[in-house]
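What follows is a short report on a single structure.
Lettering follows sequence order; numbering is per chain, from 1.
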2 protein chains.
Amino acid sequence: MNKLKDDILHLSQDCGNCPIRHRAVCARCDSDELERLDQIKYYRSFEAGQTVIWSGDRMEFVGSVVSGIASLTQTMEDGRTQMVGLLLPSDFVGRPGRESAAYDVVATTDLVMCCFRKKPFEQLMVDTPHVAQRLLEMTLDELDAAREWMLVLGRKTAREKIASLLSIIARRDASLKLQGMQGQLVFDLPLTREAMADYLGLTLETVSRQVSALKRDGVIQLEGKRHITIPDFARLLEEAGDDGDGGIMV
Amino acid sequence: MNKLKDDILHLSQDCGNCPIRHRAVCARCDSDELERLDQIKYYRSFEAGQTVIWSGDRMEFVGSVVSGIASLTQTMEDGRTQMVGLLLPSDFVGRPGRESAAYDVVATTDLVMCCFRKKPFEQLMVDTPHVAQRLLEMTLDELDAAREWMLVLGRKTAREKIASLLSIIARRDASLKLQGMQGQLVFDLPLTREAMADYLGLTLETVSRQVSALKRDGVIQLEGKRHITIPDFARLLEEAGDDGDGGIMV
DNA sequence: CGTAAGGTTGAAGTCTATCAACATTGGTGG
DNA sequence: CCACCAATGTTGATAGACTTCAACCTTACG
């Protein structure tokens, strides 16, 4: 495992077999458009913990998360950090038209990205409405998620924040596995306590305490530090302060 | 002033003279496209405090803020509320493709909106790339603003939050008046203490105390409750925890 | 002039941060 | 194979920031 993995993968992969084909920025493309994308794309993989892009760096590419999880974070001069985006498979990274990155992008787990060279991608945005339309749709979804997140950050208690985060992850995990929300949900947390704290505007100690409290109260079950079972999703939503179905639908 | 102002204005207004012509969703339209927009548009005005749309209501229109300020807010069952958007002239309201409103939209000041009937506007999004392109650009800007706001909500102290909000309003006000950020800045707060609290995830008492503290420390000057003078903008940015130019650029 | 809405200030209480010690886990090298 | 180390996580005690509850002030308006 000492091989440097931050490297361009020279495997050529067919878009037709791509696991995010129907959800990513290319979702609406016809075969001609896919062909053009194919010509400007390449894959890169990153190990957990690696930084994909530093805030302020020149962006050479935009792209999609194929597998794994990445996070967008902002850092203040004195070191306080806030996560401002959690990027899951099919999510888009980068802003067409912008020269330099506005946030740090970090691989939270091992990560594979499908990258597009930025200049040709921008041209493609102008030429093919399908890409621009899909990107608009995805950006509007992200804006909704950001706004839900603002309610969590501004008005929820620590306990509610943890419950909100767990419900979001549980929901996304269930949707990835194509299963419903009934019965008990089982998944692995993709975030460390510190990353959860950065997501929620808390300290890692408070995160640890509130996770323990939810476990003690039977809202969740914990095996090890990461493996989580949710016996009753409705109960978790109550703890999150969400009514019946008020959560993020992603 | 007892005339009900929540009414359709029957003044026909020419897009060519529109104060937000070059910044709103129609910014890139040519005269043909403008003509099509003109056919589906109407103006509505609202008094300060009036609700434009209730969360969950069916959306009959989307539109642009022409003058005044509107806010997007979310409310939890127990009444806790968080502002998730502050809409200034040229900002866009509504989401094409969505049936019902996701947030409460409230007129924070007297407000005039340019509304487009939703169905024809959605058709126009498909037909004319200029509208969709501009909306994408505006949505990306809003997403950036939301992420900056998340840092404020998650990691800043009450004092820093107030300073951040004042710097944002000062900046936008200066840009509206087409003046730079040098010299002293003078403006009127468009928000009540309660609205500021809802924006910042604080109580109105804390807002009042921190505004007083910034005044006591000479960071701002106050005349009455709303009229604000900022003698040294760089000082305000320091208080906000922003370095040199790290603020929102809107 | 009286009232209501918006705003200020004070005192007490609560929640979360901070500081610190300790536990657990996985990997590395002797 | 085991010991050690670093990274991650837990738990406790204390401190501090913000909220809550309450009284009071200011302003505009009918």
A/I228 CD1 to D/dG9 P, straight-line distance once rounded to whole Å: 11 Å
Residues which pass side chain to side chain donor-acceptor pair (under 3.5 Å) with B/T192, listed by chain and number, not counting sequence neighbours: none
Length of the CE-P vector between B/M196 and C/dG7, whole Å: 9 Å
A/R80 CZ to C/dT16 P, in whole Å, measures 18 Å
Return the set of residues passing salt bridge (Lys or Arg N to Asp or Glu O under 4.0 Å) with B/E238 (not counting sequence neighbours), or none when no residue passes. none
Roughly how many Å is it from CZ in B/R216 to C1' in C/dT9, rounded to a whole number? 12 Å
Value in whole Å for how far the C1' atom of C/dT9 lies from CG of B/L204: 12 Å
Which label fits A/Y42 and A/F61: parallel for a plane angle under 30°, tilted from 30 to 60°, or perpendicular past 60°? perpendicular
Check the distance between C/dT8's C1' and B/R193's CZ and give it to me in whole angstrom. 9 Å
Would you say A/S208 reaches D/dT11's phosphate, i.e. side-chain N/O to OP1/OP2 under 4.0 Å? no
Whole-Å distance between C/dT16 P and A/L153 CG? 13 Å
Can you list every salt bridge (charged side-chain N to carboxylate O under 4.0 Å, His left out) pair that touches residues 197-210 of chain B, not counting sequence neighbours? A/R155-B/D198
Can a donor-acceptor pair be found between the side chains of B/T206 and B/T203 at a distance below 3.5 Å? yes
Indicate for each nucleotide in nucleotides 14-24 of chain D, in 5' to 3' sequence, whether protein heavy atoms under 4.0 Å reach the base (B), only the sugar-phosphate (S), or nothing (-). ----SBBBB--
Tell me: CG of B/L222 to C1' of C/dT8, nearest whole Å? 12 Å
Under the side chain to side chain donor-acceptor pair (under 3.5 Å) rule, collect the residues that match up with A/S212, sequence neighbours excluded. none
Which residues share a salt bridge (Lys or Arg N to Asp or Glu O under 4.0 Å) with A/K225, sequence neighbours left out: none
A/R226 side chain N/O closer than 4.0 Å to the phosphate oxygens (OP1, OP2) of D/dG9? yes
Terminal axes of the helix from C/dC1-D/dG30 to C/dG30-D/dC1 (five pairs each): angle between them, nearest 10 degrees: 30°
Can you sort out the partners of A/E194 under salt bridge (Lys or Arg N to Asp or Glu O under 4.0 Å), two or more places apart, ordered by chain and number? none
Can you name the salt bridge (Lys or Arg N to Asp or Glu O under 4.0 Å) partners of B/R235, sequence neighbours left out? B/E239
What residues, two or more places apart in sequence or in another chain, satisfy side chain to side chain donor-acceptor pair (under 3.5 Å) together with B/D173? B/K177
Can you give me the N/O atom pairs linking the protein to nucleotides 24-27 of chain C at distances under 3.5 Å, or say none if there are none?
none

Pairs flagged by side-chain hydrogen bond (donor to acceptor under 3.5 Å, both in side chains) wherever residues 53-70 of chain A is involved - sequence neighbours left out: A/R58-A/E99
